[in-house]
Amino acid sequence: MDKLQRRIWIISLFVIAVFSVLFGRLFYLQVLNFQELGSISTSNSIRRIWSQPPRGRMIDKNGVIMVDNQALYTVKVIPSEFRKAKTDYLAWILQIDKSELAEKISKGAELNKFAAITVSRNLNAISIDRLSENLWQLPGVLIDTDNKRKYPDSFHGAHIFGYSRPISKEQIEALEDDSYAPDDKIGFSGLEKYYEEWLRGEKGARFEMITPLGKFAGKYNNGKNDIPSVRGDDLYLSLDGGLQQLAEQLLKQTGKSGAVVAMDPSTGGILALASAPDYSLDTFNGSTDRKGWNEIITSPQKPLFNRTIQAVYPPGSVYKMILAMAALEEKKFDPDKKVLDNGVFMYGGRRFLSNEGKGHGWVDMRNAITVSSNVYFYNLIFHVGFDNWTKYGSMFGFGEKTGIDLTGERAGLLPSTKYYDKRYGKDKWTKGYLVSLAIGQGELGTTPVQLAAYAAAIANNGILYQPHIVNGYRDAETGKYYPFTFEKKQLPVSASTFSLIKDGMIGVVQRGTGTLANVPGISVAGKTGTAQNPHGKDHAWFIAFAPVENPKIAMAVLVENAGFGGSISAPIARELIKYYLQGREMPGSAPQKGVKTSDTSLPPAESSDNDLPVIESEKPLNSKDPATGVPPESNSGKQQQNDL
């Protein structure tokens, strides 16, 4: 009996000792060391999730929303919480390549392993349901809602609006702004890039409680600590959605590459800006469509190339008015004096033919513009002088960027004495270059947006506006509208000079080379031109404005490899003028869908007419010789054509 009691006593002491240790440890953890462990517990159970704000909208001049936002489901991963062993499983659920997923997570970890990084965008409902059911197995994986853009159904506007994409590590390091994080989006092209500061908005944050397994356990403090995001500022555009739709349609009908820039001559605001070919912005919306992207980058027509601000071609005869204005303002030539255009101009042993050698007879300055007499302007440039020709070209902004609110604009080229001295050497070039420059050929290079601003400046009697697409913005927080300011300058050209130039341009449309731009009931002024193309068929230009007495629209139209400007570019201008001034038939809810073209269809792009000088050389041309009439670029073996 004593032996049994002793054993019971020993066992009791052992049990008491064990429980004493356990209770002691529990007392230490819960009472003595509660602050340290509580802090650790709190940091592990609360996480901060940044919320991306909706980007600002883009609204056209008629109040129609051109670019809006729509919901987008995304999947994010917090690298510090995610188990690498689950990579294959997550890739299977999301139906994406596992190596691509692993690379995204790895890059996110390099930047900030505690910040959520987006690994998949634009998920459909099935993928969301499948992932939601399995989140308990995937700590560090979140389903979040974001925004993607919503574009018009009736036109692309790709080169205007542009697109945004996730910011790269290099961009973050290069930016002085430290408010960008690895998972943020940033404007990459178009207005999205140019006005990033206004469109981006301010990020918000929400705080969530999670279990040790990473499962959502509710909002921290009932969401009282959450920071709401602030949407981006809305941009108000000078763009007319219906006119933009029509411009894109008309360019597409030609089957050629080209550009249209239409602007308001009284403000410099861009009414339409179309570059063909273009592409659908939905290719980059939410997630990049790889097939669509490959089609874009492999297309020989280069749809990413914005021809409105980047295509640089000789302007041809549309530039003749610069020479005429220089002659009038410098009083170098009597505009009423008639010159015999017998179809031939001789210089440097070469015969430069006009109107295929048939000429235009006796012409004064007005008629020379109307019929586009090459011989008249060949003669005129030698009276005006090269330096004056350069001076007035520079006055109208040629050879410089216009400053339009798009990135990637090119300045073109305005030849000068200094330029030729640098290129060929002082006294190693001759005045023979002036023959080609007189009719807008040679090394002279202009962009469609430059020529649209030039047409607008003639239309409004000499105010050169900085072209712009955005008029102003509405502050998202205050609701107040703020207009942007743009440059404008009054050119030192007299009203009488502009009056004569306009008379000649009216004649172009009424009885000259641009009759296909005529709109009954509207006074239209225009000028045809052809850009020499040594690699194929020439490019067709047309500039115009209307109505002449109170201009509301001015434009430049370019169709590549189409020949004569009067046969293909002028009809495009006609349809745009007709629509903008006469034919606004649009549904109230979506005016950009109501564009209707004229019953008169566009003529085929191929045309035997042309707009360049025919050069008949009396001796073989050698491109290595110094210029004696035609710059080396012209000596390509392809004859220059008649410049009507």
Side-chain angles (χ1 to χ4, degrees), residues 259 261 263 265 268 270 307-330 369 377 380-381 384-404 406 408-420 422-423 433-434 436-468 486-493 497-498 501 505 527-532 539 541-545 554-558 565 611 631 633 643:
V261 180
M263 61 189 295
I270 296 296
R307 287 166 169 80
T308 63
I309 61 173
Q310 295 176 321
V312 177
Y313 295 127
S317 288
V318 300
Y319 204 79
K320 287 177 177 175
M321 286 85 74
I322 290 286
L323 180 54
M325 286 186 279
L328 292 171
E329 291 299 303
E330 300 297 326
I369 294 172
F377 288 95
L380 188 61
I381 198 167
V384 171
F386 187 23
D387 289 342
N388 280 327
W389 178 88
T390 301
K391 171 185 172 183
Y392 281 82
S394 178
M395 185 185 298
F396 278 83
F398 293 105
E400 299 177 356
K401 296 178 182 180
T402 66
I404 189 172
L406 291 173
E409 181 185 11
R410 296 177 65 189
L413 175 62
L414 179 65
S416 62
T417 299
K418 182 179 179 181
Y419 167 79
Y420 281 138
K422 183 178 180 180
R423 179 169 182 178
Y433 277 94
L434 304 189
S436 292
L437 295 177
I439 58 170
Q441 301 297 336
E443 284 117 326
L444 176 63
T446 60
T447 64
V449 70
Q450 286 177 332
L451 289 178
Y454 162 62
I458 295 175
N460 63 35
N461 283 354
I463 302 177
L464 186 65
Y465 285 99
Q466 178 184 357
H468 57 273
F486 300 93
E487 292 183 5
K488 70 174 183 179
K489 61 180 178 178
Q490 178 68 56
L491 305 180
V493 178
T497 290
F498 282 117
I501 297 300
M505 294 177 69
K527 187 70 188 78
T528 56
T530 301
Q532 182 184 4
H539 309 312
W541 285 108
F542 190 74
I543 64 170
F545 57 87
M555 71 186 68
V557 180
L558 167 70
D611 194 27
E633 283 79 358
D643 191 17

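Numbering starts at 1 and runs along the sequence shown.
- Here CZ of F486 is found 9.5 Å from CD1 of I404. Values are rounded to the nearest 0.5 Å.
- Here the two rings, on Y319 and W541, have centers that are 6.0 Å apart or farther.
- Shown here is E487, whose CD atom has no more than 12 heavy atoms of other residues, nucleotides or ligands within 6.0 Å.
- Here the closest heavy-atom approach between residue A452 and residue A554 is recorded as O-CB, 4.4 Å.
- Only one option out of V493, L328, N460 pairs with F498 in a side-chain contact (heavy atoms from CB on, under 4.5 Å); it is V493.
- Residues P415 and L444 meet the side-chain proximity criterion, which asks for heavy atoms closer than 4.5 Å.
- The aromatic rings of F398 and Y454 stand perpendicular to each other, their planes meeting at an angle above 60°, with 30° marking the opposite boundary.
- Annotation: the span from I322 atom CD1 to I501 atom CD1 amounts to 9.0 Å, rounded to 0.5 Å.
- Taking the side chain as every heavy atom from C-beta outward, T447 and Q310 never approach each other to under 4.5 Å.
- A side-chain donor-acceptor contact under 3.5 Å links Q450 to the backbone of E400.
- Looking at every heavy atom in both residues, A324 comes nearest to L380 through CA-CD2, 4.2 Å.
- Nearest heavy-atom pair across K401 and A411 is N-CB, 3.8 Å.
- At distances below 3.5 Å, not a single donor-acceptor pair connects side-chain atoms of S317 with backbone N or O atoms of G440.
- One finds the CD1 atom of I381 at 10.0 Å from the CD1 atom of I439 (value rounded to the nearest 0.5 Å).
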For a side-chain contact (heavy atoms from CB on, under 4.5 Å) check, start with the C-alpha distance between F377 and I369, then their side-chain angles and the critical distance, and finish with the verdict. CA-CA 9 Å; F377 288 95; I369 294 172; 3.9 Å; yes
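- Taking the six-membered ring where the residue is Trp, the centroids of F386 and Y420 are separated by under 6.0 Å.
- With values rounded to the nearest 0.5 angstrom, Q466 atom CD is found 7.0 Å from T402 atom OG1.
- Q490 contributes a side-chain N or O that, together with a main-chain N or O of N461, makes up a donor-acceptor pair within less than 3.5 Å.
- Of the possible donor and acceptor atoms, none in the side chain of E329 sits under 3.5 Å from a partner among the backbone N and O of T497.
- Looking at every heavy atom in both residues, G316 comes nearest to Q441 through CA-NE2, 3.3 Å.
- Taking both residues in full, the closest heavy atoms of L558 and P448 are given as CD2-CG, 4.2 Å, listed atom of the first, atom of the second, then distance.
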side-chain contact (heavy atoms from CB on, under 4.5 Å) for W389 and L414? Distances and angles first, verdict last. CA-CA 10 Å; W389 178 88; L414 179 65; 4.0 Å; yes
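- Taking CE from M321 and CZ from F396, the interatomic distance works out to 9.5 Å, rounded to the nearest 0.5 Å.
- Not counting sequence neighbours, the partners of K489 by the side-chain contact (heavy atoms from CB on, under 4.5 Å) test are L464, L491.
- Considering only heavy atoms from C-beta on, D387 comes within 4.5 Å of T417 through its side chain.
- Residues L413 and Y419 meet the side-chain proximity criterion, which asks for heavy atoms closer than 4.5 Å.
- How far OG of S416 is from CZ of R423: 12.5 Å, rounded to the nearest 0.5 Å.
- Between K527 and V318, the closest heavy-atom pair is O-CG1, 3.3 Å.
- With hydrogens and angles ignored, the 3.5 Å screen pairs no side-chain donor or acceptor of E330 with any backbone N or O of V384.
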